[in-house]
**Q** 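Here it is: the structure, laid out below.
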Amino acid sequence: MVSQLIETARKIVIKIGSNTLADSKGRINASFMEEFALQTASLMKKGKQIALVSSGAQIAGLSAMDKWERKKDLHYRQALCAVGQVELMAAWSRAFAAQGIHIGQILLTRDDFSDTLRTLNMRNTLFTLVDEGIVPIINENDTVGVEEIKIGDNDTLAAQSAVLWSADLLILFSDIDGLYDKNPKEHLDARLVKEVRDLPSIKEHISMGNANDFGTGGIATKIEAARRVLSYGIPMILAHGGRPGALKALAQGTQEATAFLRQ
Ligand code: ADP
């Protein structure tokens, strides 16, 4: 199912969570980015259009300003994102440049989506970038958004972006293979749910544990993202982004994931 969804989609939004972008030391994982850019390039050669939503500004900021590690004050965290956003984009730029692809940065806040003129401009910019073969990289503008830092809402941002761009598919890359009946980090016997068709009742069948170290959204925001895109007829895949060649493997049907589909 997952491979079919990728096969038939032309416009794909891919969200990469901070857990996927971080290496075991909590630094930005450049080799992951290079490998990801390579796989994106190969999908683009097949005629797919890709837009990314990339978390990781805080992690990239910490890599650059490690002396701020223990500063939890909100202003420091926002300042950290300002530093980290540059590092993050520099790392993405290097990764995609190796494939001869340019990237474009789009920083958005929640308010942008409730303003008709702004949404129109965002949409036009997205279409123009993609038409020119540029990969847009969307992130929340943490410098102006306060609560965004706390709820780590890039799942929602990715869903909103998919709707805005009229995407055919949303892929959320996390550090788990998909939705489980219970938190796989806490329960070894947790079972992967491969297909979700009845989203409204899913919460009755699964239990949601806490999010882990870097991620702040947790599984609930991913389910909410699915609800949002599905209401516009856009399917969603939740998958492990850290597995070697994950994007390619999903496209070839050799990696398991959860597909959220219309009823
Ligand atoms: P990311 O930073 O990649 O967006 P999050 O940390 O926000 O990821 O959310 C994913 C985490 O949600 C998983 O690592 C897992 O520990 C946790 N989780 C809790 N309950 C579940 C569940 N039922 N199925 C899958 N993951 C779950």
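Atoms within each ligand, like the ligands themselves, are counted from 1 in listed order. Note that the structure is predicted; figures quoted are calculated from it, not measured.
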**Q** What's the shortest heavy-atom distance between D115 and L117, and which atoms?
**A**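 Between these two residues, the closest heavy atoms are OD1-N, 3.0 Å.
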**Q** Walk me through it: do T119 and N121 pass the test side-chain hydrogen bond (donor to acceptor under 3.5 Å, both in side chains)?
**A** CA-CA 5 Å; T119 45; N121 283 332; over 6 Å; no
**Q** Below a 4.0 angstrom heavy-atom separation, can you tell me which part of P184, side chain or backbone, both or neither, approaches ligand 1?
**A**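 Just the side chain.
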**Q** Check contact between K15 and ligand 1, using heavy atoms of the residue and a distance below 4.0 angstrom.
**A**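 Judged by the 4.0 Å heavy-atom criterion, K15 does count as contacting ligand 1.
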**Q** List the residues meeting side chain to side chain contact (heavy atoms under 4.5 Å, CB included) with T254, not counting sequence neighbours, and say none if there are none.
**A**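 With neighbours one apart ignored, the set is A249, Q252.
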**Q** Going through the distances and angles, do S166 and R123 end up as a side-chain hydrogen bond (donor to acceptor under 3.5 Å, both in side chains)?
**A** CA-CA 9 Å; S166 311; R123 203 175 140 87; 3.0 Å; yes
**Q** At a non-hydrogen distance cut-off of under 4.0 Å, which region of H240 contacts ligand 1 (side chain, backbone, both, or neither)?
**A**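 Neither part.
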**Q** Salt-bridged, R118 to D111, with N to O below 4.0 Å?
**A**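 A salt bridge is absent here (no side-chain N lies under 4.0 Å from a carboxylate O).
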**Q** State whether the shortest distance between N or O atoms of D181 and N or O atoms of ligand 1 falls below 3.5 angstrom.
**A**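 Such a contact does not occur with ligand 1.
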**Q** Does the side-chain hydrogen bond (donor to acceptor under 3.5 Å, both in side chains) test come out yes or no for D131 and T128, once each step is laid out?
**A** CA-CA 5 Å; D131 282 348; T128 308; 6.0 Å; no
**Q** Give the numbers and elements of all ligand 1 atoms closer than 4.0 Å to a heavy atom of S18.
**A**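 Going through ligand 1 atom by atom, the ones under 4.0 Å from S18 are 2 (O).
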**Q** Does an N or O from G218, backbone or side chain, lie closer than 3.5 Å to an N or O of ligand 1?
**A**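 Min N/O separation from ligand 1 is below 3.5 Å for G218.
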**Q** Verify side-chain hydrogen bond (donor to acceptor under 3.5 Å, both in side chains) between D142 and Q85, making sure each step is shown before the conclusion.
**A** CA-CA 9 Å; D142 292 316; Q85 184 63 26; over 6 Å; no
**Q** Mind checking whether K222 contacts ligand 1 via backbone (N, CA, C, O), side chain (CB onward), both or neither, at a 4.0 Å heavy-atom cut-off?
**A**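 For K222, the contact with ligand 1 is made by the side chain alone.
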**Q** For a quick test of your reading: what N or O donor-acceptor pairs under 3.5 Å do the side chains of residues 46-54 make, sequence neighbours left out?
**A**
residue: K48; atom: NZ; partner: I6; partner atom: O; Å: 3.0
residue: K48; atom: NZ; partner: E7; partner atom: O; Å: 2.8
residue: K48; atom: NZ; partner: A9; partner atom: O; Å: 2.8
residue: S54; atom: OG; partner: W92; partner atom: NE1; Å: 2.9

**Q** With a cut-off of 4.0 Å, which atoms of ligand 1 are near a heavy atom of N19?
**A**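 Within the 4.0 Å cut-off of N19, ligand 1 contributes 1 (P), 2 (O), 3 (O), 5 (P), 6 (O), 8 (O).
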**Q** Report yes if some N/O of D155 lies less than 3.5 Å from some N/O of ligand 1; otherwise report no.
**A**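 In this structure, D155 places no N or O atom under 3.5 Å from an N or O of ligand 1.
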**Q** Which atoms of ligand 1 have any heavy atom of G17 under 4.0 Å away?
**A**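 What qualifies from ligand 1 is 3 (O).
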**Q** Would you indicate which of G56, G178, S174 comes nearest to atom 10 (C) of ligand 1 when only heavy atoms are counted?
**A**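 Considering heavy atoms of G56, G178, S174, the nearest to atom 10 (C) of ligand 1 sits in S174.
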**Q** What atoms in ligand 1 come closer than 4.0 Å to a heavy atom of M208?
**A**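 Atoms satisfying the 4.0 Å criterion: 20 (N).
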**Q** Look up atom CG in L230 and atom CG in L261, then write down how far apart they are to the nearest 0.5 Å.
**A**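 Nearest 0.5 Å value for the CG-CG distance: 7.5 Å.
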**Q** Taking non-hydrogen atoms only, is I176 closer than 4.0 angstrom to ligand 1 via side chain, backbone, both or neither?
**A**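 Side chain only.
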**Q** For ligand 1 and T20, I'd like to know whether there is a polar contact (N/O to N/O, distance under 3.5 Å).
**A**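 N/O-N/O distance below 3.5 Å does not exist for this pair.
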